[in-house]
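See structure below.
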Amino acid sequence: MNDTVRVRIAPAPSGSIHVGNARSALYNWLFARQHGGVFVLRVEDTDQKRVTDEAYAAVLEDLRWLGLQWDEGPGAGGDFGPYRQSERLGHYESAARDLIARGHAYPCYCTQEELAERRKLAQAAKRPPGYDGHCRSLTDEECAAYEAEGRAPAIRFRVPDDATVAFDDVVRGTVPTRTEQIPDFVILRSDGSPTYMLAATVDDIAMDITHIIRGEDLLPATPRQLLMREAMGITEVPVFGHLPLLISPDGRPLSKRWGDVAVDAYRRQGFLPEAMVNYLVLLGWSYDDRTNVFSVDELIEKFSLQRVGKNPATFDVNKLEWLNGHYIRSKSAGDLAEELVPFCVAAGIPADTDEGRATLRAVAPLVVERLKRLSEAPPMVRFLFEEVTPDERAAKVLEDQRDYLVEVAQALERLEKWTSVAIEEALRALAAGRGLKPKQAFQPIRAAVTGTLVSPPLFESLELLGKKRTLARLSAASK
RNA sequence: GGCCCGGUAGUCUAGUUGGCCGAGGACGCCGCCCUCUCAAGGCGGAGAUCACGGGUUCGAAUCCCGUCCGGGCUACCA
């Protein structure tokens, strides 16, 4: 082990990543960047029957979108590859063989049915439900007999009796475990494939991982992996840090029953990666008693595992939305327009043209402070792209406004300069002449021109729409 | 059942060598200001018996014990 920090994120490629895994990835990435270390992406696809190319691509895409570029892994190269476990099967087999040879592992011929049956019995008798050591000391003859029956063995790790495994966790302190608590566990399935326990241990050693930062659900896996390292003769031990779990607003584990758990879903709803990163980092970590907004550079500088809390955090979209609004507002008109293109297209607005982009660039300053999610933009800008039909509330406001709208049209018709300033001047003068309050004067115009009662600022909107289209809509609404 | 972890306002949290905390910040919520709608912005407000019960102490969110609640693991899932 050298002194370069090497961390890894090891997702199972079962589709767009879970926000909890995204947070783990983020913490690892920040830690690596902060220490000038290496961030490794390792794909754990050993047992995934459902793994598909699309699901695999989705994982990579999510990480890229979040800006968590990996230094080693699929597509990035590295000296410790390959980085997909399905391509490393030989390593696990030989590691298992080696453990057997040295007496640290043994074949277990129990079928899953037998195991389940005995587990049920044990639980009924209030005994621990873990593996009972049935095949722990079979003779060669007994093994041969099972083989003759056609049974294929799984390989189990022989957990030492009467010992304590302890490690220092950066977030939880010292965690001791008695080996009685750890039943002999399977490291190689009967079909020859490795379990997570073996694969992760072998790869963390082979890839020279120095810090393992992962979810608290894997806390109990740590003493097992430590035991295996020891059995393999590895004396160096990585630093561990187990992060508190993320839960949903109902207090249950974060799951689809409650809402969106996949990064991809938030992306499609119009959340910016900057907001997602900022929000995720706050779920379980804080810098001080007042700072909430952090740029990525600030996070790289200020993040620390020591300040990660121990209590589970609820994923609450409110704060995510607030941060998203903040980051949207920080965008330039050009950048925001570009971000809005796909959302407009998805809403059926043909913004994916030079002209469309130009229009979006022009309205961007008008909508920028009104958005919490990019997906909220299409309804606000639609009137610039297509003819409008007043919605219910707008239609109501337009009742009995024919004469007024005709006057408005006449006033605007006379304008020589079609600027928001000139428009405002003319409309205010008209309102004053008629003794109308601003709201009374402008809402009917808004309704006629945008088809809705909520829109970007009126005068600027009219300027963008252009004189011709504005007059046409006023005329249409006064018929 | 066993082992381990957690419990500060609706939410994220500050607080960890006990006193500066009759508990600070942020989101959300309510009100006011600004105002052409909606936002943004500014100002102000409500909201926490620091899970509960004991104890130690001149003094506890912070230390000790117990209880309750929630969670993780206990798989040939990861």
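By convention in this document, chain letters (A, B, ...) are assigned in the order of the sequence lines, proteins followed by strands, and residues within each chain are numbered from 1.
Pairing for B/G31 goes to B/C43, judged as Watson-Crick or G-U wobble with the two contacts each under 3.5 Å. The pairing partner recorded for B/U49 is none, the criterion being a Watson-Crick or G-U wobble arrangement whose two distances lie under 3.5 angstrom. The nucleotide B/A75 finds no pairing partner, because no Watson-Crick or G-U wobble arrangement with both distances shorter than 3.5 Å includes it. When both distances must be under 3.5 Å, the Watson-Crick or G-U wobble mate of B/U62 does not exist. Shown here, B/U56 forms no base pair; nothing in the strands shown gives a Watson-Crick or G-U wobble contact with both key distances under 3.5 Å. With a 3.5 Å ceiling on both atom-pair distances, B/A9 lacks any Watson-Crick or G-U wobble partner.
Using a 4.0 Å heavy-atom cutoff across all strands shown, A/R290 reaches sugar-phosphate atoms only and no base atom. Counting any heavy atom pair closer than 4.0 Å across all strands shown, A/P438 reaches sugar-phosphate atoms only and no base atom. Nucleic acid contact for A/S190: base, since at least one base atom lies under 4.0 Å from a heavy atom of the residue. Counting any heavy atom pair closer than 4.0 Å across all strands shown, A/L458 reaches a base atom. At the heavy-atom level, A/P457 lies under 4.0 Å from base atoms of the strands shown. Residue-level contact check: A/F459 touches the bases, meaning some heavy atom is under 4.0 Å from a base atom. At the heavy-atom level, A/A154 lies under 4.0 Å from base atoms of the strands shown. Residue contacts shown for A/G284 are limited to sugar-phosphate atoms, with no base heavy atom under 4.0 Å away. If you check every strand for non-hydrogen atoms under 4.0 Å, A/Q112 touches a base. Here A/L282 lies in heavy-atom contact (under 4.0 Å) with sugar-phosphate atoms only. A/E460 comes within contact range of at least one nucleobase, with a heavy-atom separation under 4.0 Å. Looking at heavy-atom distances under 4.0 Å, A/L218 makes contact with a base.
With a 6.0 Å cutoff to the six-membered ring centre and a 45° limit on the axis angle, A/R224 counts as a cation-pi contact of A/F185. For the pair A/R329 and A/Y327, the cation does not sit on the ring face, since its NZ or CZ is not both under 6.0 Å from the ring centre and inside 45° of the axis. In this structure, A/R373 forms no cation-pi arrangement with A/F271, as its terminal cationic atom is not both closer than 6.0 Å to the ring centre and no more than 45° off the ring axis. No cation-pi contact links A/R428 to A/F459, judged by a cut-off of 6.0 Å to the six-membered ring centre and 45° from its axis.
B/G71 sits 41 Å from B/C58 when the P atoms are compared, rounded to a whole Å. Spacing of P atoms, B/G55 relative to B/U16, comes out at 26 Å, to the nearest Å. Spacing between B/C50 and B/C4 at atom C1', rounded to whole Å, works out to 24 Å. With both ends at atom P, the span from B/G41 to B/A26 equals 12 Å, rounded to whole Å. Using P as the reference atom, B/C68 and B/C76 are 32 Å apart when rounded to the nearest Å. Spacing of C1' atoms, B/G18 relative to B/A78, comes out at 43 Å, to the nearest Å. Between B/U8 and B/A14, the two P atoms lie 11 Å apart (nearest whole Å). Comparing B/G28 with B/U11, their P atoms are spaced 16 Å from each other, to the whole Å.
Atom CD in A/E93 sits about 19 Å away from atom P in B/C76, given to the nearest Å. To the nearest angstrom, C1' of B/C3 lies 12 Å from CZ of A/R178. Distance A/F315 CZ to B/G10 C1': 17 Å, rounded to the nearest Å. B/C73 atom P lies 6 Å from atom CG of A/D217, rounded to whole Å. As rounded to whole Å, 15 Å separates atom P of B/G71 from atom CG of A/L246. B/C38 atom P lies 14 Å from atom NZ of A/K372, rounded to whole Å. Here the C1' atom of nucleotide B/A51 and the CG atom of A/N311 are 13 Å apart, to the nearest Å. Going from atom CZ of A/F442 over to atom P of B/C38 covers 15 Å, rounded to whole Å.
Dashed line: the shortest gap from a side-chain N or O of A/R156 to OP1 or OP2 of B/C76 is under 4.0 Å. Within the 4.0 Å cut-off from OP1 or OP2 of B/C36, at least one side-chain nitrogen or oxygen of A/R428 is found. Distances shorter than 4.0 Å separate some side-chain N or O of A/R189 from OP1 or OP2 on B/A78. Between A/T314 and B/U11 there is no side-chain N or O to OP1 or OP2 distance below 4.0 Å.
Summary of the strand contacts: A/Q85 and A/E216 both lie near RNA chain B, and taking for each the nucleotide with the nearest heavy atom, the more 5' one is attributed to A/E216. Each of A/P312 and A/C108 lies near RNA chain B, and the nucleotide nearest A/P312 is the one positioned closer to the 5' end.
In this structure, the side chain of A/Y287 does not engage the main chain of A/S304 through any donor-acceptor pair within 3.5 Å.
Classification of the A/W322-A/H326 ring pair by plane angle, with boundaries at 30° and 60°, yields tilted.
For A/R446 and B/C36, a side-chain-to-base donor-acceptor distance below 3.5 Å is present, hydrogens and geometry of angles not being considered. Counting distance only, with no hydrogens placed and no angle test, the side-chain atoms of A/R307 and the base atoms of B/U13 include no donor-acceptor pair under 3.5 Å.
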Applying ring pair (Phe, Tyr, Trp, His ring centres under 6.0 Å), run through A/Y279 and A/Y266 and close with a yes or a no.
CA-CA 12 Å; A/Y279 181 63; A/Y266 291 93; 8.8 Å; no
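Between A/L243 and A/R214 the shortest side-chain heavy-atom distance does not fall below 4.5 Å.
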